[in-house]
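To find a chain, count down the sequence lines: A is the first, B the second, and so on, and within it residues start at 1.
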Amino acid sequence: TIGMIVIGGSGTVVSGTSTNGAVHKIPGRVGDSPIAGAGSYADSTAGGAAATGDGDIMMRFLPSYQAVEYMRMGTDPRVACQKVISRIQKYAPKFFGAVICANTTGSYGAACNKIPGFTQFHFMVSSPFLSHPTEQVVDCI
Amino acid sequence: AAALPVVINTWAFKKAADTAWGVLQLGGSELDAVEKGCGQCEIDQCDGSVGYGGSPDESGETTLDAMIMNGNTMEVGAVADLRHVKNAISVARKVMEYTKHTLLVGESASLFAVRMGFPYEDLTTQKSLSVYSEWLNQSCQPNYWKNVIPDSSKSCGPYKRPEKVTYKEEQISRRSFHNHD
């Protein structure tokens, strides 16, 4: 799955996702990716977020919407991402998942759920401060 | 705002990031950047988790899900279980721009896509077929069933609910009950 957030110079926030879903899924199964608020969410007055991972679990918690609402309240994007991961951890401690967050000032962050074999999450960032699109990594919580 | 514009995407999908950033540099809109950026992964089949030829379902078919959201207007376009059409996020954008709906699903979404000018193609590849046949040869493990018979952790289906006998089976047993001298 790819989830993407773009914030333009004027502050316009757009988000998107694309995926082919879970391998060997039962025909008709849809995960979190195409669900606004789960797969991704964008509000130019607050920020954007996008999720990837086990969509069957994650979609129930609307992590992208919740992260944007945390950023609306002033929470730093990295912390907002961590908070939504923590909310899911309570019910599904071993779920596979990660979230990226960005607010309207261009600050960004990411978070992921630490499970055996998945202890770091890599994501890409492009901004005027970076000479070219850069791969960044975050330690899971 | 000096830190804007910004593009951030999941996983180390560098070409997708390059594509989105390039669209912005050439004066394209944020919607264009997300569509083309995610669309790049649909072309590149990033990680086998995006686009055609990946993640075959229980019948061996690849289907796609995608969405796009405009944070200025809060408009959303989305497709789910999209069949036979490769450009999922572009179809999602067409849902946003040419309908008052938010989400179209399944074969109906494919018919909408064809009407919007997208080609109707087979999303299966040699790779997805081999992933599928290998899965069949391993008793269909892993799968997403539970509480069914036969035991879905040990064998393929078709599966059914254990506690309730199906209607047909009831009929057969009732008929044999009367079927006596």
Side-chain angles (χ1 to χ4, degrees), chain A residues 1-31 33-36 39-48 50-52 56 98 100-102 105-108 110 121-129 132-133 135, chain B residues 1-14 16-18 20-21 24 30-31 33-35 37-39 41-42 46 49-51 54-59 61-72 74 76 78-81 88-89 92 102-103 105 131 135 142-145:
Chain A
T1 303
I2 181 168
M4 179 176 283
I5 307 158
V6 169
I7 306 179
S10 61
T12 293
V13 181
V14 172
S15 70
T17 64
S18 186
T19 186
N20 48 37
V23 66
H24 310 314
K25 61 194 177 198
I26 296 169
R29 178 267 185 186
V30 173
S33 294
I35 310 297
S40 82
Y41 192 74
D43 180 338
S44 301
T45 64
T52 182
D56 291 315
I100 54 173
C101 302
T105 66
S107 299
Y108 57 84
F121 173 59
H122 293 246
F123 58 100
M124 297 297 301
V125 182
S126 312
S127 93
F129 295 148
H132 53 76
E135 181 176 337
Chain B
L4 296 178
V6 67
V7 175
I8 177 171
N9 62 268
T10 56
W11 307 109
F13 299 152
K14 187 175 185 315
D18 283 340
W21 186 251
L24 290 182
E30 293 81 1
L31 282 168
V34 168
E35 180 188 356
C38 290
C41 261
E42 291 172 351
C46 292
S49 71
V50 184
S55 303
D57 66 16
E58 282 194 333
S59 60
E61 183 179 0
T62 292
T63 61
L64 306 181
D65 304 332
M67 68 165 281
I68 192 163
M69 183 166 189
N70 180 337
N72 283 351
M74 304 305 273
V76 173
V79 287
D81 199 21
I89 195 163
T102 294
L103 171 61
V105 303
V131 167
W135 179 72
N143 60 62
Y144 289 91
W145 293 87

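By the side-chain hydrogen bond (donor to acceptor under 3.5 Å, both in side chains) test, B/W21 is found to be paired with no residue, residues two or more places apart in sequence or in another chain being considered.
Heavy atoms of B/A88 lying under 4.5 Å from chain A belong exclusively to its side chain. When heavy atoms are compared at a cutoff of 4.5 Å, B/C41 approaches chain A solely by way of its side chain, counted from C-beta outward. Using a 4.5 Å cut-off between heavy atoms, B/V105 makes no contact with chain A at all. Only the side chain of B/M74 has a heavy atom closer than 4.5 Å to any heavy atom of chain A. For chain A, the nearby part of B/L24 is the side chain; its heavy atoms alone come within less than 4.5 Å. The contact between B/E42 and chain A is made entirely by side chain atoms (from C-beta outward), counting heavy-atom distances below 4.5 Å. Within the 4.5 angstrom heavy-atom criterion, atoms from both the backbone and the side chain of B/S59 approach chain A. Heavy-atom distances place both the backbone and the side chain of A/A36 under 4.5 Å from chain B. Only the side chain of B/V76 comes within contact range of chain A, judged by heavy atoms closer than 4.5 Å.
Residues B/W145 and A/I26 form a side-chain contact, since some pair of their non-hydrogen atoms from C-beta on lies under 4.5 Å apart. A/P128 is listed as a side-chain neighbour of B/P5, based on a closest heavy-atom distance under 4.5 Å. Counting only heavy atoms from C-beta outward, the side chains of B/W135 and A/V23 never approach each other to under 4.5 Å.
Between the side chain of B/S55 and the backbone N or O of A/G21 there is at least one donor-acceptor pair closer than 3.5 Å.
The aromatic rings of A/F121 and A/F123 sit parallel to each other, their planes meeting at less than 30°, with 60° as the upper class boundary.
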